[in-house]
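The figures here come from the full heavy-atom set of this structure, side chains too, leaving out hydrogens, waters and symmetry mates. Numbers here are sequence positions counted from 1.
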Amino acid sequence: MKKILATLLAAVSLLAVSCSKDDGPTTGSSDAGVYRITIEVSGADAKGFAHIINLDNVKITNEKTGESSVSIDDEFPTSANYVTEGKVKEISAQGMVHSNEKASVRMKVTKDGQTVFDESKTIDPENGTEKIGELRFTTISQ
C-alpha cells in the first residue's frame with residue numbers, strides 16, 4: 001500500500017511541476033495579432049498574384065470575395081485585400097506582379113491596425129528587368 005501511495009504522490013508532484021499557465025497555443029500569445037494584407041498592381045498588361053500562409057491554421061478571408069481558407073493562392077487584375085480571422089503569430093505573404101510591359105506591385109501589411117510592412121517594386125521588361133516583380137513579408141523564423 002505504501003508503494004502505491006508513494007507512486008501516486010510522485011505522479012501528482014510531477015504533473016503539478018510540469019504544467020504551467022504559460023503552456024498553450026501560440027495563437028493567443030502577446031506577439032500574435034490580426035493581419036491585413038493589401039496587394040495592388042498597376043500597368044497595362046499587369047496581373048497580380050497573392051500567396052499567403054500562416055502556421056497557426058487561422059483562416060484568411062479575401063475581403064472582396066468573402067472566401068476564406070488557411071492559405072491563399074490567388075490571381076487578381078488590380079488589387080486584393082486579405083485579413084486573418086483571428087490572431088496569428090507566424091505568417092508569410094508574397095505579392096507578385098507579372099507583365100510584359102512596365103508595371104508595379106505594392107504590398108501593405110498591418111498587424112492590429114499598425115503598419116508593419118509597406119513596400120513597392122517596379123518592373124520594366126522592355127528595358128531589361130524581369131517580367132515578374134515580387135515582395136515578401138514573413139514572421140516565420142528560419
(request) Looking only at non-hydrogen atoms, find the nearest pair between V105 and G133 and report the distance. (result) CG1-O, 4.0 Å
(message) Taking E134 first and then R136, would you say they form a salt bridge - that is, a charged N and a carboxylate O separated by under 4.0 Å?
(response) yes
(message) Just so I know, are the side chains of F137 and M107 near enough to count as touching, which here means a heavy-atom distance under 4.5 Å?
(response) yes
(message) Please determine whether side-chain contact (heavy atoms from CB on, under 4.5 Å) holds for the pair D74 and N62, giving the CA-CA distance in whole Å, both sets of side-chain angles, and the decisive distance to 0.1 Å.
(response) CA-CA 9 Å; D74 278 346; N62 179 325; 3.2 Å; yes
(request) Report the C-alpha distance between T61 and E67 in whole Å, list the side-chain angles of each, state the deciding distance to 0.1 Å, and finish with yes or no for side-chain contact (heavy atoms from CB on, under 4.5 Å). (result) CA-CA 6 Å; T61 300; E67 295 177 20; over 6 Å; no
(request) Taking all heavy atoms of V97 and all of S104, pick out the closest pair and write down the distance. (result) CG2-O, 3.9 Å
(request) Say whether V58 and I72 are linked into one hydrophobic cluster, either directly or through other cluster members, by side-chain heavy-atom distances under 4.5 angstrom. (result) yes
(message) Can a donor-acceptor pair be found, under 3.5 Å and without considering hydrogens, that links the side chain of T139 to the backbone of I91?
(response) yes
(message) Using side-chain contact (heavy atoms from CB on, under 4.5 Å), reason through I39 and M96 one step at a time and then give a plain yes or no.
(response) CA-CA 8 Å; I39 305 169; M96 298 172 39; over 6 Å; no
(message) Using side-chain contact (heavy atoms from CB on, under 4.5 Å), reason through R36 and V34 one step at a time and then give a plain yes or no.
(response) CA-CA 7 Å; R36 175 171 269 108; V34 174; over 6 Å; no
(message) To the closest 0.5 Å, what do you measure between CG (N127) and CD (E101)?
(response) 11.5 Å
(message) So, taking the atom named CD1 in I37 and the one named NE2 in H51, what distance separates them when rounded to the nearest 0.5 Å?
(response) 13.0 Å
(request) Using atom types as modelled and distance alone, determine if a side-chain donor or acceptor of D56 lies under 3.5 Å from a backbone N or O of E90. (result) yes
(request) Could you tell me whether the side chain of S92 reaches within less than 4.5 Å of the side chain of I53, counting heavy atoms only? (result) yes
(request) Write down the atom of K87, the atom of A32, and the distance for their closest heavy-atom approach. (result) CB-CB, 4.0 Å
(message) Return the NZ to OG1 distance between K64 and T78, rounded to the nearest 0.5 Å.
(response) 5.0 Å
(message) Count I, L, V, M, F, W, Y as connected when their side-chain heavy atoms are under 4.5 Å apart, and connections chain through other members. Are V116 and I52 then in the same cluster?
(response) yes
(request) Could you state whether F117 and V83 fall into the same hydrophobic cluster, counting links through intermediate Ile, Leu, Val, Met, Phe, Trp or Tyr residues with side-chain heavy atoms under 4.5 angstrom apart? (result) no
(message) As an exercise, state the distance from CG of L55 to OG of S71, rounded to the nearest 0.5 Å.
(response) 11.0 Å
(message) Show the nearest heavy-atom pair for residues V41 and K47, with the distance to one decimal.
(response) CG2-C, 4.3 Å
(request) Mark yes or no for whether N81, through its side chain, and T38, through its backbone, hold a donor-acceptor pair below 3.5 Å. (result) no
(request) Please name the pair of heavy atoms, one in K102 and one in D124, separated by the smallest distance, quoted to 0.1 Å. (result) CB-OD1, 3.9 Å
(request) To the nearest 0.5 Å, tell me how far S99 OG sits from I132 CD1. (result) 10.5 Å
(message) Do H98 and D45 have side chains that approach each other closer than 4.5 Å (heavy atoms only, starting at C-beta)?
(response) no
(request) Indicate the atoms forming the closest heavy-atom contact of I123 with K131, along with that distance. (result) CD1-O, 3.3 Å
(message) Taking V70 as the starting point, is it possible to reach V109 by hopping between hydrophobic residues whose side chains are less than 4.5 Å apart?
(response) no
(message) Within this structure, what is the CG-NZ distance for the pair N54 and K89, rounded to the nearest 0.5 Å?
(response) 13.0 Å
(request) Would you mind checking if E119 and K108 are paired as a salt bridge, meaning a charged N to carboxylate O distance below 4.0 Å? (result) no
(message) Taking atom CD as the centre, does E85 end up with more than 12 heavy-atom neighbours from other residues, nucleotides or ligands that are less than 6.0 angstrom away?
(response) yes
(message) Treating T84 as the side-chain partner and Y35 as the backbone partner, does any N or O pair qualify as donor plus acceptor under 3.5 Å?
(response) yes
